[in-house]
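Here the structure is a predicted model, which is why all the values come from computation and not from measurement. Quick note: numbers below take in every heavy atom, side chains included, and nothing from hydrogens, waters or symmetry partners.
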Amino acid sequence: MVSTSVIIPADATFGTPKRTVVLAVDSSKFSAHAVKWATTQFLQAGDLVVLLNVQRSADVVMSDFLAHGGASPLGDIYVPDAAAKIEKLNESVASDVVGRFATIVRDACPGVNVQGLLAIGSAKEAIVEFVSEVKADALVVGSRGINALSRSLIGSVSDYCLHHTQCPVLVAKPTADELKALIPEATSTVLALSDEAKASLFVALSVA
């Protein structure tokens, strides 16, 4: 079972949803495009829209940091409560990402019920497992547009979901012109560093 925590609770007064649609989101412009596409082309009044943001666990972040020769610019120092600080960073990132997209969805589709969740784990595996657990009617994901060779070497979240998810998967892949019109990549320190294990660890450890 995927471990999740509620960032934005669903409105209980909406009752039984017409459909449960999961939007897997991160801080990228590709997620921004996927959300915009979903609001204009797919979402319907009565839907429960679950904005799911996945962050890596503190253990994985620290292991990855150390495996790549990570070291503090201050030298080998002990920082207490490192795991707790990384978890706090994860919550901050998820709250910012989910909150931003929740506003977009609610403004564009006032008849939908929005829920925001943070999951911990491997993004592609957590998304697939979560979609199965909630028996989602559809999954919407963005596409980073990597070529076939790159997909074969490093894989992609959207490709993995297409092959392992039981419900319909809608991959919103922007054209070159659409990319130019998208909001820029997040520039705040927290969001800009959220996808890099080394940076995430350093930022987390530097927070008192």
Side-chain angles (χ1 to χ4, degrees), residues 1-58 61 86-142 157-158 161 165 167 169-172 182-183 185-195 200 204:
M1 178 176 290
V2 179
S3 174
T4 60
S5 49
V6 177
I7 303 297
I8 298 174
D11 186 345
T13 64
F14 267 74
T16 303
K18 182 177 181 180
R19 301 181 302 178
T20 297
V21 180
V22 176
L23 270 65
V25 296
D26 58 23
S27 61
S28 72
K29 57 189 175 183
F30 304 99
S31 275
H33 173 75
V35 171
K36 180 180 179 181
W37 179 88
T39 60
T40 59
Q41 303 295 327
F42 187 69
L43 297 181
Q44 302 173 6
D47 285 346
L48 170 61
V49 180
V50 183
L51 295 166
L52 180 67
N53 178 250
V54 183
Q55 298 291 329
R56 289 174 293 182
S57 69
V61 171
I86 292 173
E87 290 171 1
K88 183 178 179 180
L89 177 66
N90 283 342
E91 292 174 0
S92 177
V93 171
S95 179
D96 196 297
V97 171
V98 169
R100 180 159 55 95
F101 289 133
T103 298
I104 293 173
V105 171
R106 284 170 174 158
D107 288 347
C109 307
V112 304
N113 193 2
V114 178
Q115 181 183 43
L117 300 176
L118 162 65
I120 301 298
S122 161
K124 56 188 180 183
E125 293 173 0
I127 292 169
V128 169
E129 190 173 347
F130 177 80
V131 166
S132 176
E133 289 176 2
V134 300
K135 296 180 173 57
D137 296 288
L139 168 66
V140 179
V141 294
V157 172
S158 58
C161 291
T165 305
C167 71
V169 179
L170 296 93
V171 180
L182 292 176
I183 60 174
E185 293 280 6
T187 54
S188 71
T189 300
V190 170
L191 286 179
L193 299 181
S194 63
D195 291 334
S200 294

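Taken from OG in S28 to NE2 in H33, the straight-line distance is 11.0 Å, to the nearest 0.5 Å. Between the OG atom in S158 and the CG atom in L139 there is a gap of 10.0 Å [rounded to 0.5 Å]. The NZ atom of K36 sits 10.5 Å away from the CD atom of Q41 when rounded to the nearest 0.5 Å. Rounded to the nearest 0.5 Å, atoms CD (Q55) and CD (E87) are 12.0 Å apart. Atom-to-atom distance recorded for T4:OG1 and N53:CG is 12.0 Å, nearest 0.5 angstrom.
The stretch residues 12-24 participates, sequence neighbours left out, in these side-chain hydrogen bond (donor to acceptor under 3.5 Å, both in side chains) pairs: D11-T13, K18-Q44, R19-D47.
Between L51 and I8 there is no side-chain heavy-atom pair separated by less than 4.5 Å. Proximity of V22 to F130: side-chain heavy atoms (C-beta onward) are separated by under 4.5 Å at one or more points. Here the side chains of L23 and V50 are not in contact, with every heavy-atom distance at 4.5 Å or above.
Using a distance-only test at 3.5 Å, with no hydrogens or angles considered, no donor-acceptor pair links the side chain of D26 to the main chain of V54. Side-chain N or O atoms of S132 include none that pairs as donor or acceptor with a backbone N or O of V128 at under 3.5 Å. Using a distance-only test at 3.5 Å, with no hydrogens or angles considered, no donor-acceptor pair links the side chain of S31 to the main chain of S27. Listed for the N113 side chain is no donor-acceptor partner under 3.5 Å among the backbone atoms of F14.
The shortest non-hydrogen separation linking A34 to A172 is CA-CB, 3.7 Å. Of all the heavy atoms in C167 and A136, the pair that sits closest is CB-O, 3.3 Å.
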### Query
Hey, mind stepping through V21 and D137 against side-chain contact (heavy atoms from CB on, under 4.5 Å) and telling me if it holds?
CA-CA 6 Å; V21 180; D137 296 288; 5.5 Å; no
### Message
Show, in sequence, the C-alpha distance, side-chain angles and deciding distance for I127 and L52, and conclude whether the side-chain contact (heavy atoms from CB on, under 4.5 Å) test is met.
### Response
CA-CA 8 Å; I127 292 169; L52 180 67; 4.2 Å; yes
### Task
Determine, stepwise, if the pair L170 / F42 fulfils side-chain contact (heavy atoms from CB on, under 4.5 Å).
CA-CA 9 Å; L170 296 93; F42 187 69; 3.9 Å; yes
For a quick test of your reading: what N or O donor-acceptor pairs under 3.5 Å do the side chains of residues 114-122 make, sequence neighbours left out?
none

Distance-only check: which donor-acceptor pairs under 3.5 Å involve side-chain atoms of residues 101-112, not counting sequence neighbours?
unit_1	atom_1	unit_2	atom_2	d
T103	OG1	G99	O	3.1

